[in-house]
Amino acid sequence: MKRSSILILYTGGTIGMKTDAGTGSLVPFDFSGIYEEFPSLKRLQVDIAVHTLSPVIDSSNVAPENWVALAELIRANYDRYDGFVVLHGTDTMSYSASALSFLFENLAKPVVFTGSQIPIGVLRTDGRENLITAIEIAGARDAAGRPIVPEVSLYFQNRLFRANRTTKRSAEELSAFHSYNYPALADVGVNIAYNRAAIRTPERYGEPLRIATRLSDRLCLVKLFPGLSERMLRSMLSAPDLQGVVLETYGAGNAPTSPWFIGALREAIDRGIVVLNITQCEGGCVAMELYETGLGLQRIGVVSGRDMTTEAAVTKMMYLLGAGYTSEEVKRQLKKSLRGEFTE
Ligand code: ASP
């Protein structure tokens with residue numbers, strides 16, 4: 001089988017730092033010297049090219065324009081490479097990776113996000129293993145020569161996840177990411193054990209990759225807490241050009257039953273604002289029919305986000321509102337799993 005060719009896109013973040021031998025401070029790592037730094041990479045059956053985005057950024061500064069630029073870069077190089085590895089800061093990696101999963105249509109090649117908790121140039125780094133295994137996964141093909149993981153995924157500390165199911169769970173532990181509601185796509189030990197049944201495969205191969213280039217910022221994220229006042233809620237819901245609200249509720253999608261709370265949301269929905277209900281819990285699913293405190297939301301037309309992460313809910317809403325759909329169409333699309341982002 002011919003060698004796979006992989007394009008590494010370095011966007012910024014901890015993975016791209018090394019300790020300066022002279023000063024001891026952290027300085028950027030030059031990924032174009034990747035083979036000199038990690039000679040063992042030559043043993044992988046892959047050819048590697050590196051592109052560093054300019055400027056490289058701490059992922060806390062990531063904005064939707066960066067996602068569109070990244071998607072455009074992948075589209076421009078789509079036919080030349082068999083797979084893509086995106087090196088990204090961990091802080092917002094799940095947002096970026098979820099966003100890209102929605103921006104791509106007809107994706108049939110691997111796009112693997114990874115990063116690290118310890119800079120790559122520090123002796124005890126987790127970045128080396130994350131990078132090398134992400135490259136191997138991006139280049140992995142089955143007996144028929146097809147990519148094994150042709151979707152947007154996130155690899156971290158021995159586990160490969162569907163990107164839009166992930167959340168950054170720890171600022172300390174090396175296993176920084178988790179997918180609470182969907183199994184890992186691969187577990188990495190001595191071998192890489194792919195969970196073929198969990199991996200999404202395209203309906204057709206060979207279709208041209210299309211990307212969406214507009215993401216809306218006319219949305220807000222409202223996390224419920226006991227004590228949220230009518231005044232504060234109404235002020236958020238009355239933002240002049242608001243079109244969508246991601247509502248983080250309690251447990252199985254529950255919220256206060258107070259008339260002012262339901263009334264404020266009902267008025268927003270009547271004005272055409274789409275309200276999507278996701279849970280604050282890490283695991284589990286919104287089921288508004290279970291309790292009176294969920295039913296109130298269901299009755300006024302709040303849409304269930306099922307077991308979607310906040311990252312997937314926000315970026316899916318940005319993508320659908322950006323497409324310019326009517327609120328009825330946005331609601332219809334929210335109820336469909338577009339990229340495997342919720343459990344059907
Ligand atoms: N602040 C860094 C970033 O997200 C943290 C990291 O990469 O782990 O860019």
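These numbers were taken from a predicted model, which means no experiment stands behind them.
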Write down the atom of Ile273, the atom of Leu242, and the distance for their closest heavy-atom approach. CG1-O, 3.5 Å
Working note: Tyr155 + Glu129, criterion side-chain contact (heavy atoms from CB on, under 4.5 Å); need CA distance, chi angles, decisive distance, verdict. CA-CA 10 Å; Tyr155 178 73; Glu129 195 283 326; 2.9 Å; yes
Full working for salt bridge (charged side-chain N to carboxylate O under 4.0 Å, His left out) between Lys42 and Asp47: CA-CA 8 Å; Lys42 292 191 189 121; Asp47 294 320; over 6 Å; no
Within the 4.5 Å heavy-atom criterion, are Arg196 and Asp142 side-chain neighbours or not? yes
Do you see a donor-acceptor pair shorter than 3.5 Å between the side chains of Glu341 and Ser98? no
Are side-chain N/O atoms of Asn130 and Ser116 paired as donor and acceptor at under 3.5 Å? no
Working to the nearest 0.5 Å, report the span between NE2 of His88 and OH of Tyr95. 12.5 Å
Check whether Ser258 reaches the backbone of Phe261 with its side chain - one donor and one acceptor, N or O, closer than 3.5 Å. no
Indicate, with yes or no, if Phe102 and Val246 share a hydrophobic cluster defined by side-chain heavy-atom contacts under 4.5 Å among Ile, Leu, Val, Met, Phe, Trp and Tyr. yes
ILVMFWY network linking Leu338 to Val68, side-chain heavy atoms under 4.5 angstrom: yes
Measure the CZ-CD1 distance between Arg266 and Ile269 for me, rounded to the nearest 0.5 Å. 9.0 Å
Transitive ILVMFWY side-chain link Ile120 to Leu154, under 4.5 Å: no
What distance do Phe104 atom CZ and Glu151 atom CD have between them, rounded to the nearest 0.5 Å? 12.5 Å
Look at atom OH of Tyr250 and say whether more than 12 heavy atoms of other residues, nucleotides or ligands are closer to it than 6.0 Å. yes
Would Arg146 count as a cation-pi partner of Tyr205, with NZ or CZ less than 6.0 Å from the six-membered ring centre and within 45° of the ring normal? yes
Do Thr343 and Arg165 meet the criterion of a side-chain donor-acceptor pair at a distance under 3.5 Å? yes
Identify whether Tyr319 and Val111 are in the same connected component of the hydrophobic contact network (ILVMFWY, side-chain heavy atoms under 4.5 Å). yes
Compare every heavy atom of Leu233 with every heavy atom of Ala264, then report the nearest pair and how far apart it is. CB-CD2, 4.1 Å
Indicate whether the side chain of Asn164 and that of Ser101 have a donor and an acceptor atom separated by less than 3.5 Å. yes
Note: Gly283 and Tyr180 closest approach over all heavy atoms is CA-CB, 4.1 Å
Checking the side chain of Asn181 only, and the main-chain atoms of Gly284 only, is there a donor and an acceptor separated by less than 3.5 Å? yes
Check whether Asp126 reaches the backbone of Gln117 with its side chain - one donor and one acceptor, N or O, closer than 3.5 Å. yes
Between Lys18 and Val122 (side chain of the first, backbone of the second, donor and acceptor by atom type, cut-off under 3.5 Å), is there such a pair? no
Taking the side chain from Thr92 and the backbone from Ser59, do they hold a donor-acceptor pair closer than 3.5 Å? yes
Within the 4.5 Å heavy-atom criterion, are Trp67 and Leu100 side-chain neighbours or not? yes
For residues Phe84 and Pro110, determine if any side-chain heavy atom of one lies less than 4.5 Å from a side-chain heavy atom of the other. no
Ignoring hydrogens and angles, tell me if any N or O in the side chain of Asn191 forms a donor-acceptor pair with the backbone of Ala193 under 3.5 Å. no
Is it the case that the side chain of Asp20 and the backbone of Thr23 share a donor-acceptor pair, with hydrogens and angles ignored and the cut-off at 3.5 Å? yes
Could you tell me whether the side chain of Glu267 reaches within less than 4.5 Å of the side chain of Arg234, counting heavy atoms only? yes
Distance-only side-chain donor-acceptor flag, Ser304 / Asn277, under 3.5 Å: no
Arg128 vs Glu37, salt bridge (charged side-chain N to carboxylate O under 4.0 Å, His left out): CA-CA, chis, key distance, verdict: CA-CA 10 Å; Arg128 186 172 177 279; Glu37 201 77 33; over 6 Å; no
Nearest heavy atoms of Met17 and Gly13, plus distance in Å: CG-O, 4.0 Å
Got Arg159 and His178 here, is their nearest side-chain heavy-atom distance under 4.5 Å? yes
Look at the side chain of Asn77 and the backbone N and O of Leu73, then say whether any donor-acceptor pair between them is shorter than 3.5 Å. yes
Okay, side chain of Asn195, backbone of Ala186: is any donor-acceptor separation there less than 3.5 Å? no
Donor-acceptor contact below 3.5 Å, side chain Ser4 vs main chain Gly139: yes
Would Lys168 and Thr90 satisfy side-chain hydrogen bond (donor to acceptor under 3.5 Å, both in side chains), going step by step from the backbone distance to the final call? CA-CA 7 Å; Lys168 183 172 178 183; Thr90 58; 2.9 Å; yes
Report yes or no: do Phe38 and Ile8 belong to one cluster of Ile/Leu/Val/Met/Phe/Trp/Tyr joined by side chain heavy-atom distances under 4.5 Å? yes
Can you tell me how far the NZ atom of Lys331 sits from the CG atom of Leu320, to the nearest 0.5 Å? 13.0 Å
Taking all non-hydrogen atoms of both residues, which atom of Tyr194 and which atom of Val149 are closest, and how far apart? CE2-CG2, 3.6 Å
List the steps, then state whether side-chain contact (heavy atoms from CB on, under 4.5 Å) holds for Leu9 with Ile74. CA-CA 9 Å; Leu9 297 162; Ile74 291 175; 3.6 Å; yes
Do Ser94 and Thr167 get their side chains close enough for a donor-acceptor pair, meaning under 3.5 Å? no
Counting only heavy atoms from other residues, nucleotides and ligands, does the tally under 6.0 Å from CZ of Arg3 exceed 12? yes
Is there a side-chain contact between Met288 and Leu295, using heavy atoms and a 4.5 Å cut-off? no
Can you check side-chain contact (heavy atoms from CB on, under 4.5 Å) on Leu41 and Ile135, steps first, answer last? CA-CA 9 Å; Leu41 273 178; Ile135 294 170; 3.9 Å; yes
Measure the shortest side-chain to side-chain distance between Ser216 and Gln243 over non-hydrogen atoms and say whether it is less than 4.5 angstrom. yes
Find out whether the Lys NZ or Arg CZ of Lys109 is both under 6.0 angstrom from the six-membered ring centre of Tyr78 and within 45° of the ring's axis. yes
Given Glu289 and Arg299, is the salt bridge (charged side-chain N to carboxylate O under 4.0 Å, His left out) satisfied, shown in steps? CA-CA 10 Å; Glu289 66 289 355; Arg299 285 196 197 106; over 6 Å; no
Looking at CG of Leu87 and OG1 of Thr14, how far apart are the two atoms once the value is rounded to the nearest 0.5 Å? 12.0 Å
How far does CG of Leu209 sit from CD of Glu105, to the nearest 0.5 angstrom? 9.0 Å
For Asn106 and Pro208, which heavy atoms make the closest approach, and how far apart are they? ND2-O, 3.0 Å
Determine, stepwise, if the pair Arg162 / Thr166 fulfils side-chain contact (heavy atoms from CB on, under 4.5 Å). CA-CA 7 Å; Arg162 172 167 303 155; Thr166 61; over 6 Å; no
